[in-house]
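Below, chain A is the first sequence line, B the second, and so on; all start at residue 1.
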Amino acid sequence: YAWEWKEKYGGIILEQLKKLGASCDWDRTRFTMDDELSEAVIDTFIHLYKKGWIYRGIRMVNWDPQGKTAVSDEEVIRKEVNQKLYYIRYRVVSSEEVSSELSSAGSTTHHSPLTTHFLTIATTRPETIMADAAICINPNDERYVHLHGKRVLIPLINREIPVILDEYVTMDFGTGCLKVTPAHDLNDYELGQKHNLPIIDILNDDGTLNEHAGILVGEDRFAARKKIAVLLEADGYLEKVEDYKSQIGFSERTDAVIEPKLSMQWFCKMDEMAKPALDYVLDGTIKLIPEKFVNTYRHWMENVKDWCVSRQLWWGQQIPAWYLPDGQYVIAKTREEAFHQAKLLTAHNSPLTIDDLKQDEDVLDTWFSSWLWPISVFDGFKDPNNDDINYYYPTNDLVTAPEILFFWVARMIMAGHEFRGGAPFKNVYLTGIVRDKLGRKMSKSLGNSPDPLDLIEKFGADGVRVGMLLCSPAGNDLMFDESYCEQGRNFANKVWNAFRLVKGWEVDKNHANNNQVAIEWFRSRFNEALNQIEENFAQYRISEALMATYKLVWDDFCAWYLEMIKPVYQQPIDGETYDFTICFFEDILKLLHPFMPFISEELWHDDLFGPRAGYDCCIIAQLPTNGQINAQLLAEVEIVKQIITQIRNIRNSKQIPPKEKLALSVKANSTIDYKKYEAIFSRSGNISALDIVNNKIVGAVSFIVSTDEFYVPMNESLDPLAECSRLQKEKGYLTGFLQSVNSKLGNQRFMSNAKPEIIEIELKKKADAEAKLKILEENLSALAC
RNA sequence: GGGAGUUUAGCUCAGCUGGUUCAGAGCAUCUGCCUUACAAGCAGAGGGUCACUGGUUCGAACCCAGUAACUCCCACCA
């Protein structure tokens, strides 16, 4: 990782070291990688060179004239700056030269002879006119049809340049005439390439004008700008000057204005490598998760440009190119080999010595070593058939950030194909970017990134981890907020408290187990959740897997299961229930471990779970395997839970304390055997007795769950009016619901078009609603209202 | 300018070939409880014109078209 970021931070590290007073020639100190990686990088470079995929070419770099170095894109800071837009006249050369006085050029608005013999361009950089290679106009621009095929003279130096046509020029910006300066602007360079224009570089490395400029030689670019404006003005070439705001790049280190500068660089051809790398992703050999990145990836790969692999830095792998004094070069692994090759290039009796060779001072792009990572990390270059690489290549999952999908991931795929003949991994999981609550990227300059150690101090390592994972929905950025960590801490606390409860139980082996239903229910519920969690993991939905685990532990295990089996105060628990509970708890620890490694491991080794052998650790414990699910039991317990909720509601609304026992009578219309759940009603609902009845009970609070009727007798008499309005309200809702179902079923086109199972569901909805309505009406009439 | 994506409850997000997972989850909020594991808790409750407009369909959060806002990547304007 240090290597990966060296390009970005290498300079900063050097500065710091210098400040500390380290004494050596830092500017000439190279930081290189370990020998084996270094060798692999050089070998692959040579390999690609021999295939003809490495070549030298011209590229525009960001040049810092003050630091006299090239700077990377990340080190260029763009700022909005007030500038001047200079409107400059160029004289059109024509056969019928009209001699006219330039000095009285005040009236250009109407058709004076001037407008036909001059064209006007707008530029923020008048000092570069000496580097102009052409004037470009849009072929569709009707204003300038008369200029097609003409030539113009650059003011002051009177060099003749052509007028070229290209749709690149926007007609409504400036004057519609663009000066083309291939040496000092990237777009102009490309335009120049397209139209075969000469490249005239008028700037020295320190930003002063060189002899190619012809005038103002030796002046700094900004001084030259002012002076040339004066000269143009004096000779009547300056039409006007406007204020103009635009973005300008500044060097991060020296704050100098960045100068685009053409330079020779090493390139790696991409088209032949991109094709197979694209295919791996399109044919599913490599899966990108989330899938949306496939589109981006394809777009990139189809429009890939050749990769500039050389960098003007001191830290990095030096390019294995060696120059002869005459400018020729050879590519070789060592100086000796280079010398050997170089001799072949020179005449027989050449005086060339090995010391005459000069190695290229540029280094390779950081990604030129990083793309080898999946192979080099297992020593796959030096020893291509070793056990590790055979086992780990291709690996299952690569987890990385989407912003380096192209820089790193795509290139690893290319390198994998080229150097090992296959994809380096099967799945790429792209994480989100961590942002703060306001959606801003976490960064040092904004100061909005919390210190992880502070967070851990506050919420615990598990709490912070859970917090991070809770807000990591698959494929989205994560909006980080401390409250998630708080939730994580609370969850860890909950687990701890559940442990304390179980730990405190007295066990009586002779006690009978009357918790079979609860135990069987939880086992089913656990298996159901396990399926769901596995499925979430398989789809890389980490936050959802966590939430499913969270709910299993908090709701099902703590809130329901433990409450169901919890022995009454100071009573022992039976041995069987206890043993099952310990097993469940242990399985839960295994599920929790990926999210909460510390607390789960800590509890794992407590003697509550029995003695552990030396290496019996939660981290390597096998996850529980899928077991049976009793679907009917699960469904029935859901109904039981609803009933208990209803009872709790009654307590709430009638201000009955939870400690006071209530009786419950059931008039079952379904086949559910409620007696089976009596223990649960008793423990979780504090129900004294469960009676199965065949008739309605008058004077009791009634409610309906599913299609069964429940009655809770009250000591005090009920307020019939309040009961009545409650039932009326429910009736109103049901009637409306039934109406909508009926209208659907009455619709001919629905009946003929909808799938049979949909119709069946609608029919069941209708039947259920009707049954409920019937009960409600009976209850209402019993209340006599 | 080119490309990709997002828009569902106060917040962060599910919603998997249009119909029981259809309007959901967690957090936050409100109400009542210091009930013997847990107030960092328990028990309840409220809360949404599924960005907007139109279309397709018996039926749209979901499909199509347009509009708006936001985000990211790449290229950057004389």
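- Contact of the A:Gln532 side chain with the A:Asn536 side chain is registered, since non-hydrogen atoms from C-beta on lie closer than 4.5 Å.
- Nucleotides B:A61 and B:A68 have their P atoms positioned 24 Å apart, rounded to a whole Å.
- In this structure, A:Thr577 contributes its side chain and A:Asn515 its backbone to no donor-acceptor pair below 3.5 Å.
- With a 6.0 Å radius and a threshold of 12 heavy atoms from other residues, nucleotides or ligands, A:Glu457 has its CD atom at or below the threshold.
- Classification of B:U21 as syn follows from a glycosidic angle within 90° of 0.
- Panel note: side chain A:Asn497, backbone A:Asn493; a donor-acceptor pair is recorded below 3.5 Å.
- Atoms CD (A:Glu239) and C1' (B:A78) sit 16 Å apart, rounded to a whole Å.
- Distance A:Arg651 CZ to B:C33 C1': 13 Å, rounded to the nearest Å.
- With both ends at atom C1', the span from B:U67 to B:G48 equals 23 Å, rounded to whole Å.
- In the region residues 753-764 of chain A, proximity to RNA chain B at under 4.0 angstrom, judged on heavy atoms, holds for A:Asn753, A:Ala754, A:Ile758, A:Ile761.
- At distances below 3.5 Å, at least one donor-acceptor pair connects side-chain atoms of A:Arg683 with backbone N or O atoms of A:Lys566.
- If you take atom P in B:A40 and the same atom in B:C27, they sit 15 Å apart, rounded to whole Å.
- Between the side chain of A:Thr181 and the backbone N or O of A:Ala183 there is no donor-acceptor pair closer than 3.5 Å.
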Its dot-bracket string being built from Watson-Crick and G-U pairs below 3.5 Å, with | for another strand and [ ] for crossing, RNA chain B has the pattern (((((((..((((.....[....)))).(((((.......))))).....(((((..]....))))))))))))....
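- For the pair A:Tyr244 and B:A78, the criterion of a side-chain N or O lying under 4.0 Å from OP1 or OP2 is met.
- Taking a cutoff of 4.0 Å between a charged side-chain nitrogen and a carboxylate oxygen, A:Glu770 and A:Lys766 qualify as a salt bridge.
- Using modelled atom types, one side-chain atom of A:Ser653 and one backbone atom of A:Ile650 make a donor-acceptor pair closer than 3.5 Å.
- Here the side chain of A:Asp462 pairs a donor or acceptor atom with the backbone of A:Phe598 at under 3.5 angstrom.
- A straight line from CG of A:Leu562 to P of B:A37 spans 11 Å, rounded to a whole angstrom.
- A:Val169 comes within 4.0 angstrom of a base, heavy atoms only.
- If you check residues 742-752 of chain A against RNA chain B, the residues with a heavy atom closer than 4.0 Å are A:Asn747, A:Arg749, A:Phe750, listed by number.
- To the nearest angstrom, P of B:C74 lies 13 Å from CZ of A:Phe293.
- Rounding to whole angstrom units, CD of residue A:Glu190 and C1' of B:A78 are separated by 14 Å.
- The distance between atom NZ of A:Lys654 and atom P of B:G32, rounded to the nearest whole Å, is 18 Å.
- You'll find the side chain of A:Ile88 stays beyond 4.5 Å of the side chain of A:Glu239, heavy atoms only.
- If you find the closest nucleotide of RNA chain B to A:Thr296 and to A:Pro658, the one lying nearer the 5' end belongs to A:Thr296.
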Output one letter per nucleotide in nucleotides 38-43 of chain B: B when a protein non-hydrogen atom lies under 4.0 Å from the base, S when only the sugar-phosphate is that close, - when neither is.
B-BSSS
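- Applying side chain to side chain donor-acceptor pair (under 3.5 Å) to A:Tyr561 and the options A:Thr581, A:Asp556, A:Asp555 leaves one that passes, A:Thr581.
- Using a 30° and 60° split on the angle between ring planes, A:Phe499 and A:Phe609 fall in the parallel class, below 30°.
- Side-chain contact between A:Phe710 and A:Gln646: absent, with no pair of heavy atoms (C-beta onward) separated by less than 4.5 Å.
- If you check every strand for non-hydrogen atoms under 4.0 Å, A:Trp496 touches nothing.
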Atom pairs under 3.5 Å: protein N/O with N/O of nucleotides 23-26 of chain B:
unit_1, atom_1, unit_2, atom_2, d
B:A25, O2', A:Lys551, NZ, 2.9
B:G26, O2', A:Gln487, NE2, 2.5

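- Position along RNA chain B of the nearest nucleotide to A:Lys765 versus A:His299 favours A:His299 as the more 5'-ward residue.
- Rounded to the nearest Å, the gap between the C1' atom of B:C34 and that of B:U71 is 47 Å.
- The C1' atoms of B:U56 and B:G66 are separated by 15 Å, rounded to the nearest whole Å.
- Contact annotation for A:Ser483: no contact, since no heavy-atom pair falls under 4.0 Å across all strands.
- Tested against A:Thr128, the residues A:Lys179, A:Arg221, A:His184 include a single side chain to side chain donor-acceptor pair (under 3.5 Å) partner, A:Lys179.
- When the P atom is compared between B:G18 and B:A65, the two are found 15 Å apart, to the nearest whole Å.
- With sequence neighbours excluded, the residues satisfying side-chain contact (heavy atoms from CB on, under 4.5 Å) with A:Glu762 are A:Val741, A:Lys744, A:Leu745, A:Phe750, A:Lys765.
- Straight-line distance between the C1' atoms of B:U17 and B:G54: roughly 25 Å, to the nearest whole Å.
- Going from the C1' atom of B:G10 to that of B:G2 covers 38 Å, rounded to whole Å.
- Whole-Å rounding puts the A:Glu302 CD to B:C73 C1' distance at 16 Å.
- Using modelled atom types, no side-chain atom of A:Arg651 and backbone atom of A:Lys659 make a donor-acceptor pair closer than 3.5 Å.
- Using a 4.0 Å cut-off between a side-chain N of Lys or Arg and a carboxylate O of Asp or Glu, A:Asp768 and A:Lys772 do not qualify as a salt bridge.
- For the pair A:Ile200/A:Met130, no side-chain contact is recorded, criterion being any heavy-atom separation below 4.5 Å from C-beta on.
- Nucleotide B:U17 holds its C1' atom 14 Å from the CD atom of A:Glu291, rounded to whole Å.
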